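Keep in mind that the numbers below use all heavy atoms, side chains included, and drop hydrogens, waters and symmetry copies. Please read all numbers here as calculations on a predicted model, not as lab measurements.
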Amino acid sequence: MSLSPAATVPTPPLAGRAVGGGGSPVGDILAVTARPEVINFAGGLPARELFDAEGIAEAFRAVLAEQAPRALQYATTEGEPALRGALAGRMTARGLATEADDVLVTTGSQQGLSLVAQALIEPGDTVLVESPCYLAALQVFAFAGARIVPVACDDDGIDPAPLEELVVRERPKFLYTVPTFQNPTGRTMTADRRREVARIAARRGLWIVEDDPYGELRFAGERLPWIASLPEAADRTVLLGSFSKVMAPGLRLGWLRAPRPLRAACALVKEGTDLHTPTLNQLAAARYLADNDLDAHVARVAAVYGTRRDALLAGLPEALPAGSTWTTPQGGMFVWARLPEGHDTAALLRTVVGFDVAYVPGAPFFAGRPDHGTLRLCFVTQTPDEIAEGLRRLEKGFAAAAG
């Protein structure tokens with residue numbers, strides 16, 4: 001017996017976490033930036049002309065010529081031993097003693113965030129984040145059912161005093177931080193602040209999730225130690241990393257380093273998510289690291305990014321309204337700006353995109369009360385000449401919006 005169309009019963013609804021976030025007010029506006037004529041400061045894309053395309057292609061060719069049966073087969077959830085060993089070696093060389101078994105390979109560092117969230121967060125648990133915070137991290141924690149509480153920050157990163165007060169009052173599961181060249185602000189947490197954050201975590205019982213997708217892209221100043229390398233934090237820090245900004249984002253290769261119980265829990269979650277990260281991509285990355293000097297490649301990329309940052313900073317005084325302020329990052333990909341009181345960068349963007357230029361309004365990056373006068377500019381995707389032209393368009397757009 002079949003039901004007539006009129007008698008069919010509606011399907012069950014989507015899960016609340018899949019629909020609770022609603023649409024993106026910025027997304028509709030930024031859709032127009034896909035046009036090739038738009039100079040897009042909104043994205044967080046590395047410069048594609050700087051990819052070592054031939055070196056990566058040769059690594060894939062070598063793997064398929066020499067290990068095709070293995071490269072095309074299923075693999076272990078934890079990741080290919082050759083890649084885990086190479087990653088462990090790179091971390092050890094940078095002051096964080098690491099063995100291959102300490103590493104879990106992930107499908108991009110974004111998956112690492114998701115695995116940690118699923119392994120640690122029960123619905124209703126509190127998570128502390130920087131203010132402002134990486135937008136996709138806020139989405140991951142919200143999907144996991146977390147209560148997200150922002151921590152006060154300044155130009156030196158997280159302010160330790162209010163952090164400790166929040167830890168005592170809120171009893172959070174973990175603190176999420178991007179301490180080096182933070183997204184969206186570009187700021188870097190000082191060495192003293194890193195040590196104090198580690199001490200607070202040890203003193204008060206707290207996990208730290210340290211995300212480091214940009215740390216190798218330094219073009220000024222001295223490298224700072226990972227929080228994970230500090231003695232007080234050694235047993236309570238998850239370090240996330242990625243090849244997306246230093247090799248190629250299309251490989252979708254990231255990793256997490258964590259104490260054994262949490263790493264094992266993340267592996268179990270990953271097994272139920274995608275079984276494992278693509279074997280071919282892992283073996284090709286390991287081969288690339290064996291045959292090439294990634295550090296030298298990253299140094300060349302960072303030098304180019306430094307000239308592009310300088311081009312952006314040189315043009316901001318003319319492009320932004322009088323009284324605006326902005327950060328001066330020593331690396332990474334982003335400059336964070338704040339317009340004078342009374343400006344709303346989301347509202348202004350509606351006019352600015354008409355001049356074929358775009359940025360990201362800052363409000364969505366805040367877990368608490370948003371600052372509507374802020375915006376993020378990515379300086380790495382365009383050449384200095386394109387940046388200069390983009391800033392001229394931005395100046396015209398703000399002038400037109402002011403009437």
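In this structure a side-chain-to-backbone donor-acceptor pair under 3.5 Å is present from R263 to D101. Judged purely by atom type and a 3.5 angstrom limit, R171 has no side-chain atom pairing as donor or acceptor with the backbone of V168. For the pair R218 (side chain) and A302 (backbone), a donor-acceptor distance under 3.5 Å is absent. With hydrogens and angles ignored, the 3.5 Å screen pairs no side-chain donor or acceptor of T374 with any backbone N or O of R338. For T327 (side chain) and T185 (main-chain N/O), a donor-acceptor pair under 3.5 Å exists by modelled atom type. In this structure, the side chain of D156 does not engage the main chain of T190 through any donor-acceptor pair within 3.5 Å. Looking only at distances, no side-chain donor or acceptor of S131 sits under 3.5 Å from a matching main-chain atom of P150. Between the side chain of R187 and the main chain of Q182, no donor-acceptor pair closer than 3.5 Å is present. A donor-acceptor contact shorter than 3.5 Å is absent between the side chain of D291 and the backbone of Y288. When atom types are taken as modelled, the side chain of R193 and the backbone of I158 share a donor-acceptor pair closer than 3.5 angstrom.
Atoms CG and OG, from L375 and S324 in turn, are 8.0 Å apart once rounded to the nearest 0.5 Å. In this structure, CG in D356 is found 8.5 Å from CD1 in I39, a value given to the nearest 0.5 Å. The structure places CG of L113 at 13.5 Å from CZ of F143, a figure rounded to the nearest 0.5 Å. Atom CG of D371 sits about 12.5 Å away from atom NE2 of H343, to the nearest 0.5 Å. Taking CH2 from W207 and CG from L128, the interatomic distance works out to 15.5 Å, rounded to the nearest 0.5 Å. Atom SG in C133 sits 8.0 Å away from atom CD1 in I148 (nearest 0.5 Å).
At a threshold of 4.5 Å between non-hydrogen side-chain atoms, the residues V301 and V246 do not count as touching. Residues N183 and F365 form a side-chain contact, since some pair of their non-hydrogen atoms from C-beta on lies under 4.5 Å apart. Between I200 and V197 the shortest side-chain heavy-atom distance does not fall below 4.5 Å. With a 4.5 Å cut-off on side-chain heavy atoms, L72 and T279 do not count as touching. The closest side-chain heavy-atom distance from V360 to L349 is not below 4.5 Å. The closest side-chain heavy-atom distance from L166 to P172 is not below 4.5 Å.
Counting non-hydrogen atoms of neighbouring residues, nucleotides and ligands closer than 6.0 angstrom, the CD atom of E99 reaches no more than 12 such neighbours. The local environment of CD in E222 is sparse, with at most 12 non-hydrogen atoms from other residues, nucleotides or ligands closer than 6.0 Å. In this structure, R203 places its CZ atom where more than 12 heavy-atom neighbours from other residues, nucleotides or ligands lie under 6.0 Å away. Around the CG atom of D155, the shell of radius 6.0 Å holds no more than 12 heavy atoms that belong to other residues, nucleotides or ligands.
For the residue pair T345 and G362, the shortest heavy atom distance occurs at OG1-N, 3.8 Å. Across all non-hydrogen atoms, the minimal contact from V357 to G390 is CG2-O, 3.5 Å. G332 approaches V380 most closely through the heavy-atom pair O-CG1, 3.8 Å. In this structure, L135 and P364 approach most closely via the heavy-atom pair CD1-O, 3.1 Å. In terms of heavy atoms, S244 sits closest to P46 at O-CG, 3.8 Å. The minimum heavy-atom distance between T77 and H276, with the atom names listed, is CA-CB, 4.0 Å.
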Show, in sequence, the C-alpha distance, side-chain angles and deciding distance for E66 and R287, and conclude whether the salt bridge (Lys or Arg N to Asp or Glu O under 4.0 Å) test is met.
CA-CA 11 Å; E66 300 168 15; R287 182 61 178 257; 2.8 Å; yes
Salt bridge (Lys or Arg N to Asp or Glu O under 4.0 Å) assessment of E210 paired with R236:
CA-CA 10 Å; E210 180 179 11; R236 62 193 61 240; over 6 Å; no
For salt bridge (Lys or Arg N to Asp or Glu O under 4.0 Å), just list the numbers for R393 and E389, CA-CA rounded to whole Å, side-chain angles, deciding distance to a tenth of an Å, and then say yes or no.
CA-CA 6 Å; R393 297 179 189 182; E389 174 58 26; 3.1 Å; yes
Give the C-alpha distance, both sets of side-chain angles, the deciding distance and a yes or no for salt bridge (Lys or Arg N to Asp or Glu O under 4.0 Å) between E232 and R195.
CA-CA 8 Å; E232 299 90 339; R195 285 189 287 270; over 6 Å; no
With side chain to side chain contact (heavy atoms under 4.5 Å, CB included) as the test, would you mind laying out the steps for L115 and L104 before giving the verdict?
CA-CA 11 Å; L115 298 179; L104 172 66; 4.1 Å; yes
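A search for side-chain hydrogen bond (donor to acceptor under 3.5 Å, both in side chains) contacts involving R61 returns E54, E58, not counting sequence neighbours. Here Q110 pairs with Y134 under the side-chain hydrogen bond (donor to acceptor under 3.5 Å, both in side chains) rule; sequence neighbours left out. Remark: S114 pairs with Q118 by the side-chain hydrogen bond (donor to acceptor under 3.5 Å, both in side chains) rule, at least two apart or across chains. With sequence neighbours left out, the salt bridge (Lys or Arg N to Asp or Glu O under 4.0 Å) criterion links K396 to no other residue. Listed by chain and number, the residues in a side-chain hydrogen bond (donor to acceptor under 3.5 Å, both in side chains) with E49 are R308 (sequence neighbours excluded).
Taking the six-membered ring where the residue is Trp, the centroids of F181 and Y305 are separated by 6.0 Å or more. Y176 and F141 have their aromatic ring centers within a separation under 6.0 angstrom.
Under 4.0 Å is where a charged nitrogen must lie from a carboxylate oxygen, and between R90 and E216 at least one such pair does. Salt-bridge check for E80 with R70: passed, with a basic side-chain N closer than 4.0 Å to an acidic carboxylate O. Under a 4.0 Å N-O distance rule, the pair R94/D295 qualifies as a salt bridge. The pair E78-K270 fails the salt-bridge criterion, with no side-chain N (NZ, NE, NH1 or NH2) lying under 4.0 Å from an Asp/Glu carboxylate O.
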Would you list the atom pairs, donor with acceptor, under 3.5 Å between side chains in residues 253-260 and any protein atom, with sequence neighbours excluded?
unit_1 : atom_1 : unit_2 : atom_2 : d
R257   : NE     : T98    : OG1    : 2.8
R257   : NH2    : A97    : O      : 2.9

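Taking the six-membered ring for Trp and thresholds of 30 and 60 degrees, F334 and Y214 have ring planes more than 60 degrees apart, a perpendicular arrangement.
Each of D274, T273, N281 was evaluated against T107; a single residue qualifies, D274, per the side-chain hydrogen bond (donor to acceptor under 3.5 Å, both in side chains) test.
Between the side chains of T177 and E130, at least one donor-acceptor pair of N or O atoms lies under 3.5 Å.
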